[in-house]
Asks: 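Here it is, the structure, as structure tokens.
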Protein chains: 2
Amino acid sequence: MSGPTLSDVADAAGVSYATADRVINKRGNVAQKSIDKVRDAVTRLGYVRNVAAANLSRRRVYRLAFLIPTGSNAFFNRVRDHIVQSANHLSADSISVEIVDVSAFSVEALQNSIGDLADLDFDGVAIVGLQSRLLEHPLAELRARGVAIIGLVSDLPTNFRSAYIGIDNRVAGRTAARMTGIAHAGRVGAIQTFAGSMDARDHAERLQGFRDVITADFPALTVLDPILTKDDPAVLYEAACGALQAGSSVTAVYNVGAGNVGLIKAISKTSGTRPFCVVHELVAHSKQALIDNHINLVIDQRPDVEVNRAFALLRALIDDRAMPPMPDLMPTIYVRDNLPADTLNTVMKAQTT
Amino acid sequence: MSGPTLSDVADAAGVSYATADRVINKRGNVAQKSIDKVRDAVTRLGYVRNVAAANLSRRRVYRLAFLIPTGSNAFFNRVRDHIVQSANHLSADSISVEIVDVSAFSVEALQNSIGDLADLDFDGVAIVGLQSRLLEHPLAELRARGVAIIGLVSDLPTNFRSAYIGIDNRVAGRTAARMTGIAHAGRVGAIQTFAGSMDARDHAERLQGFRDVITADFPALTVLDPILTKDDPAVLYEAACGALQAGSSVTAVYNVGAGNVGLIKAISKTSGTRPFCVVHELVAHSKQALIDNHINLVIDQRPDVEVNRAFALLRALIDDRAMPPMPDLMPTIYVRDNLPADTLNTVMKAQTT
DNA sequence: CATTTTTTGATATACGCCAATCATTTTCTA
DNA sequence: TAGAAAATGATTGGCGTATATCAAAAAATG
């Protein structure tokens, strides 16, 4: 069952174990002729290195780092949560994980953090990125040191990372639009949108996808221009109160950003029938709002799935192997009936807001 | 970084390596006093056995089996697909997987298949189960041989398996109801339901959950009694044509079972506005129907996630370890906008229908 | 051809654990 | 208390790989 060993390969190639080893581990000082013989034997026998034995032997520990924005953002607390939980079990696979806090939305901070990583001898890093050319230099340096780099949730400059793990935010916006359209059942309506900032790529993309679907498939609906909130619950609260005051023609609300605590507060104070309401990211308060019927839908990007994929992908990159099959990453729709029992609030307590 | 070894434990416990080994591997002939000392040292040092080294040493190969119903059911083809795909990568972890075909919905067939497993020396099996006391005997025998047993998708008699991996079908039904209710936007309506058989527990549970939510939260809607189709597309086609004929008061359709090809065909022939339509399981044809706007929603149970969990759980059970953190298993809502790009039809070609 | 350089072979140790053996000590029983 | 039984210790070889060393062989160089 367990395949051929390197000794088998050496025998088949007609060379010594030492030479086979020199080829496999690229130690140099091998004649091209020998290299070919070994390579040939490898493919002939279908040799695959026993990673477990290899790691055991070299006492390898995969050192991974996750660069996550700090702050009161409940979503990233969820991400942290999953990283920490996974880390416990991953230590059994000789994988060590460190979470590096980065000041949110600050290019300089991120730039510095990435620069600091270079000296720390990590094998792989997952970074919640930003789109800025300033990041290119430190990323290039990291990569030059042989560190595997992936973008997480929010992408990095494309040419300076090996992969991106996160949802397609246009798809997320389209999904929100589809549901909002369905909820109007052909009736006329106006949808008030909210966003943190149009500079945030994910916010802009969600809005774009949302608009596309409404325009194409629900002509009876109007998408009102987004009110910008900087993801601040207080700002969102004020804005929402304004938009939802008595006599408003708003039939639906869609917030592509964070700060939903403010929105929920505003909605819960609305008298009469409230508008159809869609927000992003399932966290303690949005979950509760679903249960309380203050909002209708949560579009979630499943940080648990993302983190799982990140670990698998980093390992695959580091060992130069193929990625194992993993669940796809799709925007997930939650209503009050399909909520996970989850402990979404373990880290929540530590948050500042 | 890599934790204490068994030698460390032995030293800390003040016993020899041999004795520590006797305790850890339950070889017997150890005094209670020594057992306690070793156990104590283990917790004190936080010793965890290096599974990689252990498996390397004993040349262990985990032998797993999946018992999957045969037939033209596209959903189970999807399940097979994921098992096969995963198996390729799992062989690197010295895990071998076999899929055992079982005649669908036949208690005797399943009973026999389980019985046959006993002699085959598997370490763990995942079984798409049925609810029948006839299965208890062969299951008990399997378990007596130390085989880890879990129910997959459809549960086994509760006391004869270690765990069940599958969605809560009441939740799935509730979710379908919520979306159907939302789509009516307060209007009066009648929902025609379809089911394969009310003996199938998953069908009954979905229907129950559906009814519960409609009754509680959408009093303007009526749930019509299910038409039973045996999951046969032809039967479903006829029934759907009848229910949807011109002048029908049906505003929505919900099929808790399979055979959706027939339903979709019937709907695509309907003139005028078609009813709101919800079905289960994302497979090639239901995906296409979403894209073509013949149906509105697919509630999916994510066989990829289920299979992943099954592997992780079986390993955990076999090694008597804790389950690593994995994505939760929730009924997932698909609309035409959040479809996976997936190759859902690799196995599809091999199917008979 | 002699000499240097490159390439190869043979071999040893280690990683953490499993499985087994055999001698020795401790504990139990008659 | 002698003898039997049970428990313990000490030790060995092996799993498949990594890494290092040293001697020997082959190839390249002048």
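Just so we're on the same page: letters track the sequence lines, and every chain starts at 1.
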Asks: Under 4.0 Å from a heavy atom of chain B: give me the 5'-most and 3'-most nucleotides of DNA chain D that qualify.
Replies: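 That gives a stretch of dA7(D) to dG16(D).
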Asks: Counting only N and O atoms by type, is there a donor-acceptor contact under 3.5 Å from the side chain of Tyr164(B) to the main-chain atoms of Val153(B)?
Replies: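 Checking the backbone N and O of Val153(B) against the side chain of Tyr164(B), a donor-acceptor pair under 3.5 Å is found.
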Asks: Do you know which of Val147(A), Ile318(A), Ile95(A), Asp319(A) makes side chain to side chain contact (heavy atoms under 4.5 Å, CB included) with Asp123(A)?
Replies: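 The option that passes is Ile318(A).
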Asks: Name the nucleic acid region contacted by Arg27(A), choosing base, sugar-phosphate or nothing; use a 4.0 angstrom heavy-atom cut-off, strictly under.
Replies: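 If one applies the 4.0 Å heavy-atom cut-off, Arg27(A) turns out to touch a base.
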Asks: Could you check whether any side-chain N or O of Ser57(A) sits under 3.5 Å from a backbone N or O of Ala53(A), counting only pairs where one atom can act as donor and the other as acceptor?
Replies: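 Flag not set: sc Ser57(A) to bb Ala53(A) has no pair under 3.5 Å.
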Asks: Please figure out whether Ser7(A) or Arg22(A) has its closest DNA chain D nucleotide nearer the 5' end.
Replies: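 It is Ser7(A) whose nearest nucleotide is closer to the 5' end.
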Asks: Determine, stepwise, if the pair Arg302(B) / Asn308(B) fulfils side chain to side chain donor-acceptor pair (under 3.5 Å).
Replies: CA-CA 10 Å; Arg302(B) 299 299 303 269; Asn308(B) 259 14; over 6 Å; no
Asks: Using a heavy-atom cut-off of 4.0 Å to chain A, what are the terminal contacting nucleotides of DNA chain C, in 5' to 3' order?
Replies: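 In short, chain A contacts DNA chain C from dT7(C) to dG16(C).
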Asks: Using modelled atom types only, decide if a donor and an acceptor are shared between the side chain of Asp8(A) and the backbone of Thr5(A) within a distance under 3.5 Å.
Replies: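 Answer holds: yes.
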Asks: Does NZ or CZ of Arg60(B) fall inside the cone over Tyr62(B)'s six-membered ring, less than 6.0 Å from its centre and within 45° of the axis?
Replies: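 Cation-pi check for Arg60(B) and Tyr62(B): passes.
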Asks: Between Ala18(B) and Ser16(A), which is nearer to the 5' end of DNA chain C once each is assigned its nearest nucleotide?
Replies: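 Whichever sits nearer the 5' end wins; that is Ser16(A).
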Asks: Under 4.0 angstrom, heavy atoms only, what part of the nucleic acid is Leu6(A) near: base, sugar-phosphate, or nothing?
Replies: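 Sugar-phosphate contact only - Leu6(A) comes under 4.0 Å of backbone atoms but never of a base.
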Asks: Nearest 0.5 Å, please: how far is CG in Leu142(A) from CG in Asp119(A)?
Replies: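 Answer for the CG-CG pair, Asp119(A) versus Leu142(A), is 9.5 Å.
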Asks: Just by distance, with hydrogens left out, do Asp81(A) and Gln85(A) show a side-chain donor and acceptor under 3.5 Å apart?
Replies: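 Their side chains do not contain a donor-acceptor pair, so the 3.5 Å distance test is not met.
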Asks: For DNA chain C, determine which residues of residues 28-40 of chain A have any heavy atom closer than 4.0 angstrom to one of its atoms, and list them numerically.
Replies: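 Those residues whose heavy atoms fall under 4.0 Å from DNA chain C, taken from residues 28-40 of chain A in numerical order, are Asn29(A), Val30(A), Ala31(A), Ser34(A).
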Asks: So for atom CZ, which belongs to Arg58(A), do other residues, nucleotides or ligands contribute more than 12 heavy atoms lying within a distance under 6.0 Å?
Replies: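 Yes - once you tally the heavy atoms of other residues, nucleotides and ligands closer than 6.0 Å, there are more than 12.
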Asks: Between Arg49(A) and Asn25(A), do the side chains contain a donor N or O and an acceptor N or O under 3.5 Å apart?
Replies: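 Indeed, the side chains of Asn25(A) and Arg49(A) share at least one donor-acceptor pair under 3.5 Å.
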Asks: Would you mind classifying the nucleic acid contact of Val15(B) as base, sugar-phosphate or nothing, using non-hydrogen atoms under 4.0 angstrom?
Replies: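 Sugar-phosphate contact only - Val15(B) comes under 4.0 Å of backbone atoms but never of a base.
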Asks: Over all strands shown, is Asn55(A) touching base, sugar-phosphate only, or nothing at heavy-atom distances under 4.0 angstrom?
Replies: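 No contact.
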Asks: Give the intermediate values and the outcome of ring-ring contact (aromatic ring centres under 6.0 Å, His included) for residues Phe66(B) and Phe122(B).
Replies: CA-CA 11 Å; Phe66(B) 281 72; Phe122(B) 284 104; over 10 Å; no
